[in-house]
Amino acid sequence: MATLACFCGATCPSLPSSSSSSVQPRIRLLPRLRHVSLRTASRGRVSASSTPFSIPGFGKIGWHRREGNASILSFGATAGTGEERSDGATGGNGGDVSEKISAMLPLVVVATGVAALSYPATFSWVSKEYYAPALGGIMLSIGIKLSIDDFALAFQRPVPLSVGYIAQYALKPLLGLLIAKAFRMPSTFYAGFILTCCVAGAQLSSYASYLSKGDVALSILLTSSSTISSVVVTPLLTGLLIGSVVPVDGVAMSKSILQVVLLPVALGLLLNTYAKAVVNIIQPIMPFVAMICTALCIGSPLAINRSKILSSQGFHLLFPILTFHLVAFTIGYWFSKLPFWRQDEPVSRTISLCTGMQSSTLAGLLATQFLGSSSQAVPAACSVVIMAITGLSLASFWGNGSRIRDILHPSIPRTCTDASS
């Protein structure tokens with residue numbers, strides 16, 4: 001069979017020619033894309049450095065935007081260019097500014113960790129009374145991106161959501177327990193580490209999914225559903241896994257999660273549903289608010305417990321946390337690839353990132369409130385830094401076109417059918 005050079009850089013079998021349309025073969029080369037614009041008018045090329053990749057005549061691929069009320073990856077010539085799109089919306093600079101601020105979050109996380117350990121006075125003034133309002137600000141930034149239609153969409157995708165939920169709230173807590181036992185984690189950090197393994201998915205996982213060319217809509221839905229259900233699931237898991245080591249008041253923990261998680265998310269959802277004008281005003285600044293709140297929640301426990309972290313006992317804590325995140329990413333990916341699930345590559349990447357990235361800021365707040373010692377918040381603070389570095393490194397690995405199978409079997413030829421995997 002004759003071959004042709006594909007835009008993905010692979011050598012692929014040629015497709016039957018079509019006399020009626022020159023666009024149809026290109027669509028056949030992209031079996032997994034949705035909402036691909038069929039406009040053929042020339043709009044110029046989009047720089048490959050500003051988007052995951054581009055196709056001549058089509059423009060950007062994988063631009064993150066909202067279509068209707070659902071947050072999805074759109075595919076079209078004008079997505080994100082500032083021109084009027086087919087849905088009637090106009091892309092402006094507000095979304096670009098928000099995306100640039102969100103993209104700085106990993107750098108802020110690392111800088112916060114360095115500053116807290118190098119100059120503790122930078123964050124030692126932040127007492128635990130500030131944790132709840134700070135976390136509420138983060139959750140509000142999630143809520144204003146949600147809509148009723150997002151939850152309706154969740155019921156249309158029960159399998160990937162179920163797979164991700166099982167990995168998040170069943171496999172990951174068990175993994176944390178095994179790692180804590182294997183590394184003989186000291187009691188100073190044990191309960192806080194287990195609690196960190198039992199919380200909901202991180203907001204940062206949605207950004208990581210975007211970078212990795214994963215399923216951003218699934219990431220947002222999975223993070224939202226796990227966050228809302230954490231009111232019941234997190235206290236239950238914590239009581240089961242560490243109740244015999246540290247007394248855990250499950251009812252009080254549920255009330256705390258309800259106040260700092262569910263109420264801000266519900267407020268954001270109501271604003272986005274009934275007060276769009278208010279959302280349009282506050283949405284551009286919410287990534288900045290979330291960034292400051294995240295820095296406070298990370299920096300304070302690191303600064304207050306600096307001596308314990310920099311001790312030999314503290315250094316021994318880093319290896320279990322790093323191991324936990326690396327194994328969680330691996331389990332999330334391959335669990336979704338099991339024969340009875342058979343999820344496609346973008347879904348597997350998203351589940352991997354959501355499994356390995358959890359809301360450690362929530363774990364830090366709960367540790368200070370219910371585990372009796374500020375040192376129990378140290379594993380959560382360390383987890384945020386390690387999670388950001390490892391998770392975004394993995395997302396960049398996938399986003400640059402690399403494949404896990406290339407590492408395992410480098411001799412496998414790359415074709416169009418697996419170019420995205």
Side-chain angles (χ1 to χ4, degrees), residues 34-35 37 59-60 62-105 133-157 161 200-207 209-210 215-231 258-294 359:
R34 299 292 185 269
H35 309 289
S37 173
K60 292 182 178 180
W63 187 266
H64 184 201
R65 69 180 178 91
R66 300 188 67 90
E67 179 170 321
N69 286 324
S71 179
I72 64 171
L73 286 178
S74 63
F75 301 93
T78 61
T81 63
E83 303 172 17
E84 185 178 351
R85 297 191 300 264
S86 59
D87 59 358
T90 303
N93 294 328
D96 293 339
V97 173
S98 296
E99 288 178 3
K100 289 178 181 178
I101 294 176
S102 298
M104 292 172 59
L105 183 58
L135 186 61
I138 296 174
M139 295 303 162
L140 179 62
S141 69
I142 295 177
I144 62 173
K145 299 177 182 179
L146 299 177
S147 70
I148 302 298
D149 288 349
D150 288 336
F151 296 97
L153 181 62
F155 291 102
Q156 299 174 13
R157 309 186 65 188
L161 277 173
Q203 181 187 16
L204 188 60
S205 63
S206 296
Y207 177 66
S209 296
Y210 169 65
D215 192 326
V216 179
L218 174 63
S219 177
I220 293 173
L221 292 173
L222 185 55
T223 301
S224 303
S225 60
S226 64
T227 299
I228 293 172
S229 61
S230 66
V231 176
L258 178 67
Q259 293 171 357
V260 302
V261 174
L262 195 57
L263 290 182
V265 170
L267 175 61
L269 175 62
L270 291 174
L271 288 175
N272 194 33
T273 304
Y274 301 106
K276 287 284 188 181
V278 176
V279 172
N280 291 337
I281 295 174
I282 67 174
Q283 191 165 15
I285 66 171
M286 287 312 295
F288 185 69
V289 172
M291 186 182 299
I292 294 177
C293 294
T294 301
S359 182

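Bear in mind the structure is a predicted one, so any value in this text is a computation, not a measurement.
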Short side-chain donor-acceptor distance under 3.5 Å, Asn272 and Lys276: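 Indeed, the side chains of Lys276 and Asn272 share at least one donor-acceptor pair under 3.5 Å.
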Between [X] and [Y], which heavy-atom pair has the shortest distance, and what is it?
X: Thr227; Y: Gly201; answer: OG1-O, 4.2 Å
X: Ser230; Y: Ala200; answer: CB-CB, 4.2 Å
X: Met139; Y: Ser359; answer: CE-OG, 4.0 Å
X: Ser225; Y: Leu222; answer: OG-O, 3.1 Å

Knowing that exactly one of Thr223, Leu221, Asp215 qualifies, which makes a side chain to side chain contact (heavy atoms under 4.5 Å, CB included) with Ser219?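 Testing each of Thr223, Leu221, Asp215 against Ser219, the sole residue satisfying side chain to side chain contact (heavy atoms under 4.5 Å, CB included) is Thr223.
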Could you check Val265, Leu271, Leu269 and say which one makes a side chain to side chain contact (heavy atoms under 4.5 Å, CB included) with Leu267?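 By the side chain to side chain contact (heavy atoms under 4.5 Å, CB included) criterion, Leu267 pairs with just one of Val265, Leu271, Leu269: Leu271.
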Pairwise distance CD1(Ile285) to CE(Met291) - rounded to 0.5 angstrom: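 So the gap between those two atoms works out to 13.0 Å.
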Nearest-0.5 Å distance, CD1 of residue Ile144 to CG of residue Asn280: 9.5 Å
